[in-house]
Amino acid sequence: MAITELAELEKIIGLTDDEKAWNPEGPDTLPLLISDEIVNLLSVPAIRRQFVPTVQENEDTEGCADPQEERKHSGTERLVHRYSNRAAFKTTDRCFAYCRHCFRRRFTGHLSGPATEKEIEEAATYVKAHSEIHEVLLTGGDLFTLSDNHIERLLSIFRSICPSVILRLCTRAVAVYPERFTDSLMGIIRKYEDGAPMFLMTQFNHPAELTDKAVEAVAKFVDIGIPAFNQSVLLKGVNDDEKTLIELSDKLLMARIKPYYLFQGDPVRGTAHLRVDIERGLEIEKNIRHELSGLGMPQYTADLPGGGGKVILTHTYLKKKTVKDGKARYIFTTPDGEERSYPD
Ligand SMILES: *Cc1c(COP(=O)(O)O)cnc(C)c1O
Ligand code: SF4
C-alpha cells in the first residue's frame, strides 16, 4: 500500500523534526505519496530526501510557481509548444510517487486529472496543423498512471492523427512503480510501435533507484526496440557529488539507458533546499566529464526562467582566439589543464 499520511510513515521509518513539521496544507506544496517500491528504499538517505517532505518546503517563499511559463507557451490547454520542432503533452497530473523537487508542482498532483479524449484529440490536431513539430513528449505527471485503456486511446489518437511524429514516453514509473509494466500494457505499446519511433525517457537520480525490478522494466522497452534515455536532476544531498553521479551513469549504461540530461534544479518555490548552486554544478560537470565516456556523460542543463528555454551549462575549454600575421589561432585548455593552440 502506498503511503499518503505522515502518521503511516512515522510508524515505518520514524520522522525527524523537520519531517514532522511539514505542513501539507501549505501553498505550493505537493501531496505526500510514496509507492511501495520507494518505501522499501527509504533507508537510503538520498531516496528519503527525494520523497519525504520537510518543513523547508513550506519555508521557501522565493522561487516562483511556474518559472518556465508553460502557461504562456501553451498550444492547447495541456500542450506546451515552446520549441518549434517539439511539444510536450501533459497527459495527467498524477504520479505513483511525488518527488519533492518536482518543478511542475503547480500542475502535478492538483487534480486536473487525466486528459480527456477531447483534449487528446485537440492536442494531436494542433500537432498535425503545425507540421514543424516532429516530436511529442507524452509527459505529466506520469503517463503510466493512466489505465491501459486510456493509454491505448492516447497512442491510437496520436498515431492516427499525426503518425509521423516521434513519441517520447516520459516516466518515472520504471523507478517508482516497475510492476506497472505488465504484459498487457507492453502489448498495447507494441501495437503502436509501427511508424515513427518511440523513445523511453526515464528519471533516475540516484544509483539505488536502479533496482533489479526497475532495470527489468526498462529492458521491456529496450528489448522491443524502444531506446531509453535518462534525465536526472542535480539535487543537494542526493546526487551532488561526483562519485554518486559516476556510479549512476555506470549503472544506467549497464541497464542500456543513455544518460541524457542532468538538470539544474529549477527555481520553483518549495525546492530551494534541494538546489545546488551553478558554480558547484559546473565543477561537478567538469570533474565527471573527465571520468566518464561520451556515452556516459549527461548534458548539464538549465531551463531558464521566463520561458527562456534550455541551455547547456559546461566549462568552456576554448579560451580565446588570437590573430597573428593575418592567421587566426584558437587557444584551448585541455581537460588536464594544459594549453594548446589550434590553427584556424
Ligand atoms: C525540455 C522540453 C522539451 C524537450 O527538449 P529536448 O531538449 O529536445 O529534450 C520539449 N518541450 C518542452 C516544453 C520542454 O520543457
Ligand atoms: S515523477 Fe515527475 S512529474 Fe511526478 S512528481 Fe516526480 S518530477 Fe514531478
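Side-chain atoms are counted along with the backbone in the values below, which use heavy atoms only and exclude waters and symmetry mates. Residues take their numbers from the sequence shown, with the count starting at 1. Each ligand, and each atom within it, is numbered from 1 in the order the structure gives.
Within a 6.0 Å sphere centred on CG of Asn85, heavy atoms belonging to other residues, nucleotides or ligands number more than 12.
Atoms of ligand 2 found under 4.0 Å from any heavy atom of Gly141 (numbered from 1 in listed order, with element): 3 (S). Atom numbering of ligand 1 starts at 1 in the shown order; those under 4.0 Å from a heavy atom of Tyr260 are 6 (P), 7 (O), 8 (O), 9 (O). The atoms of ligand 2 that sit less than 4.0 Å from any heavy atom of Gln203 are 2 (Fe), 7 (S). Shown in contact with Cys95 at under 4.0 Å from a heavy atom are these atoms of ligand 2, numbered in order with element: 1 (S), 3 (S), 4 (Fe), 5 (S). Annotation for ligand 1: atoms under 4.0 Å from non-hydrogen atoms of Lys310 are 1 (C), 2 (C), 3 (C), 4 (C), 5 (O), 7 (O), 14 (C), 15 (O). Near Val80, meaning under 4.0 Å from one of its heavy atoms, ligand 1 places the atoms 13 (C). Of all atoms in ligand 2, listed by their number and element, those nearer than 4.0 Å to a heavy atom of Arg172 are 1 (S).
Polar contact check, Tyr261 against ligand 1: a nitrogen or oxygen pair lies under 3.5 Å apart. At under 3.5 Å, a nitrogen or oxygen of Arg86, whether backbone or side chain, sits near a nitrogen or oxygen of ligand 1. On a distance-only criterion, Arg168 and ligand 1 share at least one N/O pair closer than 3.5 Å.
Partners of His150 under the ring pair (Phe, Tyr, Trp, His ring centres under 6.0 Å) rule, at least two apart in sequence or in another chain, do not exist in this structure.
Contact check on Lys286 versus Glu283 returns no salt bridge, with no Lys/Arg side-chain nitrogen under 4.0 Å from an Asp/Glu carboxylate oxygen. Taking the charged nitrogens against the carboxylate oxygens, Arg180 and Asp142 have no contact shorter than 4.0 Å, which rules out a salt bridge.
Of the options Thr271, Asn23, Thr29, a side-chain hydrogen bond (donor to acceptor under 3.5 Å, both in side chains) to Glu57 is made by Thr29 and by none of the others. Just one of Asp223, Val218, Val215 meets the side chain to side chain contact (heavy atoms under 4.5 Å, CB included) condition when paired with Arg256; it is Asp223.
Side chains of Asp344 and Tyr330 form a contact here, defined as non-hydrogen atoms less than 4.5 Å apart. Residues Trp22 and Asn58 are in side-chain contact: their nearest non-hydrogen atoms beyond the backbone lie under 4.5 Å apart.
Within the coordination shell of atom 4 (Fe) of ligand 2, defined by N, O or S atoms under 2.8 Å, Cys99 is absent.
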